[in-house]
Amino acid sequence: MMLKYLIEKEFKQIFRNKTILKMILLLPLVQLLVLPLAADYEIKNINIAVVDHDRSSVARDLISSITASGYFRLRQYGDDYREAFHILEQDKADLILEIPKDFERALRRQQAVRLFVAVNAVNGAKASVGGNYLQRIISDYNRNLSLQGINVTGGVPQKEIHFEPLNWYNPFLNYNFFMVPGILVVLVTMIGAYMCSLNIVKEKELGTIEQVNVTPIRKSRFILGKLIPFWIIGMFVFSIGLLVIAPLVYHIFPAGSIVLIYLVLAIYMVAILGIGLLISTYSNTQQQAMSLAFFCMMLFLLMSGLFTSTESMPAWGRAIAYCNPVTHFIEVTRLVILKGSGFRDILPQFSIIVLMAIIFNTWAILNYKKTS
């Protein structure tokens, strides 16, 4: 009965503060609508300057193939390399493609032809991806010429092995299918870590914590009273994201069991709320709690594998990612939603999340000092 009154008290405090209520319910949903569209791995609108010394029909066809790909924008077309390099220095172009003189004639004579590509590598990721895109387009163009009896690399056209890739679980390589489950995990994590970290601290600043301390409420029940309301809110926000926004906006329908996702979510929310409550027990002011929560959230986000694969991290980075609950729940959501994995497939991640939930909440209960 005492726990029931504590939960009612927490809900009244939450719904009484309209600003906090909007932050909890509306901001995560707006972020889920915006972030997958903004945080896109696919790089487009790469500016390219073409230096064409040949001015032939074959050279124009190659340039048309590059611009028609949808990845490149023709920033400049001319025959002066110095002018193109000046544009590269001004960051108005990302790549320079130089087509040599007698380009078409050499191709007709089955002679080797070399194309020169200069890449602005200030943005390393964009330079690498842009260079790979351009290399692939030129290779495809060379293959087409080979079928016509013309070879950019010179020599007699050879028979080729053709392959056709089959993309499992995400046939059209839709970037949102990969990002939306991960961003949804991050949003419920923010609700648990930020909001719960301010919970006990706010009562410390207002002085109401002293009234609670003189009551016969056990520490475990007091922690549960703080945890359960945000657990319910987190489940509600996740449900709107998974069952409403994901299918209606991004056309994402879970391939696996929704019940399994909610089973892991229920334990995961306990783990994350335990972290938030643990932060609040170590903080005396809301400013301290927000600083600690911000530090933890940045660490969780950057080391979770949301934007970069954990396999590409150094050994110490993979060790941190392995101790990060966000990493494991992102893996679970992607496995179940995209691959349709069952409980046996996600058992390692599930076990780690359960262990973290026990550790963090036990730590929070033990660290909370109830004094009268």
Side-chain angles (χ1 to χ4, degrees), residues 28-29 31-42 163-192 231-273 300-313 318 321-358:
L29 302 180
Q31 289 171 335
L32 186 60
L33 290 171
V34 174
L35 287 179
L37 302 177
D40 196 335
Y41 283 153
E42 193 174 37
F163 68 93
E164 182 177 350
L166 179 61
N167 302 311
W168 285 76
Y169 313 122
N170 190 2
F172 302 104
L173 299 180
N174 190 329
Y175 169 79
N176 292 329
F177 281 26
F178 178 74
M179 286 301 298
V180 168
I183 292 177
L184 188 55
V185 171
V186 171
L187 294 181
V188 296
T189 304
M190 292 175 64
I191 292 176
W231 183 89
I232 295 173
I233 292 173
M235 298 286 284
F236 176 74
V237 171
F238 188 91
S239 300
I240 294 180
L242 179 66
L243 304 179
V244 179
I245 295 180
L248 293 182
V249 179
Y250 301 107
H251 307 290
I252 299 175
F253 302 91
S257 171
I258 295 180
V259 176
L260 181 58
I261 296 177
Y262 275 94
L263 171 63
V264 184
L265 172 64
I267 307 299
Y268 175 77
M269 285 300 301
V270 174
I272 291 300
L273 291 170
F300 288 165
L301 179 62
L302 296 177
M303 306 299 292
S304 66
L306 175 63
F307 299 107
T308 57
S309 174
T310 55
E311 286 78 10
S312 62
M313 297 178 183
R318 291 195 299 271
Y322 187 79
C323 298
N324 182 1
V326 184
T327 303
H328 301 289
F329 191 44
I330 287 178
E331 290 180 2
V332 168
T333 54
R334 286 172 174 168
L335 287 172
V336 177
I337 293 176
L338 298 182
K339 295 182 66 175
S341 299
F343 182 75
R344 181 178 298 177
D345 302 312
I346 65 166
L347 185 58
Q349 293 88 349
F350 178 77
S351 302
I352 294 172
I353 293 174
V354 170
L355 180 62
M356 290 183 177
I358 295 172

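- The shortest distance between side-chain heavy atoms of L242 and L184 falls below 4.5 Å.
- Among the candidates I261, V264, L263, the single residue satisfying the side-chain contact (heavy atoms from CB on, under 4.5 Å) test with I346 is V264.
- Between the side chain of Y250 and the main chain of L33, a donor-acceptor pair closer than 3.5 Å is present.
- The shortest distance between side-chain heavy atoms of V326 and L301 does not fall below 4.5 Å.
- At least one donor-acceptor pair under 3.5 Å links the side chain of R334 to the backbone N or O of F178.
- Of the inter-residue distances, the one linking I353 atom CD1 with I358 atom CD1 reads 12.5 Å to the nearest 0.5 angstrom.
- Nearest heavy atom pair, residue F253 against residue P247, reads CE2-CB, 3.5 Å.
- Listed for the S257 side chain is no donor-acceptor partner under 3.5 Å among the backbone atoms of G342.
- Going from atom CD1 of I330 over to atom CE of M179 covers 8.0 Å, rounded to the nearest 0.5 Å.
- Other residues, nucleotides and ligands contribute more than 12 heavy atoms inside 6.0 Å of the CZ atom of F343.
- Two residues are said to be in side-chain contact when any heavy atoms from C-beta on lie closer than 4.5 Å; Y268 and V332 fail this criterion.
- With rounding to the nearest 0.5 Å, the separation of OG1 in T189 from CG in L273 is 9.5 Å.
- The CG atom of N176 sits 10.0 Å away from the NE2 atom of H251 when rounded to the nearest 0.5 Å.
- Across all non-hydrogen atoms, the minimal contact from L302 to M313 is O-CE, 4.0 Å.
- Put simply, CD1 on I267 and CE on M356 are 14.0 Å apart, with the number rounded to the nearest 0.5 Å.
- No side-chain heavy atom of V180 sits less than 4.5 Å from a side-chain heavy atom of I245.
- When side chains are defined from C-beta on, M235 counts as touching L265, because their heavy atoms get closer than 4.5 Å.
- Looking at D345 and K339, their side chains never come closer than 4.5 Å, going by heavy atoms from C-beta outward.
- Side-chain polar atoms of Y322 and T310 form no donor-acceptor pair below 3.5 angstrom.
- Closest approach of V270 and A357 over heavy atoms only: CG1-CB, 4.1 Å.
- Side-chain contact between S304 and F329 is absent, with no heavy-atom pair separated by less than 4.5 Å.
- The CG atom of L248 sits 10.0 Å away from atom CG of L243, with the distance rounded to the nearest 0.5 Å.
- Residues S239 and Y262 share a closest heavy-atom pair of OG-OH, 2.6 Å.
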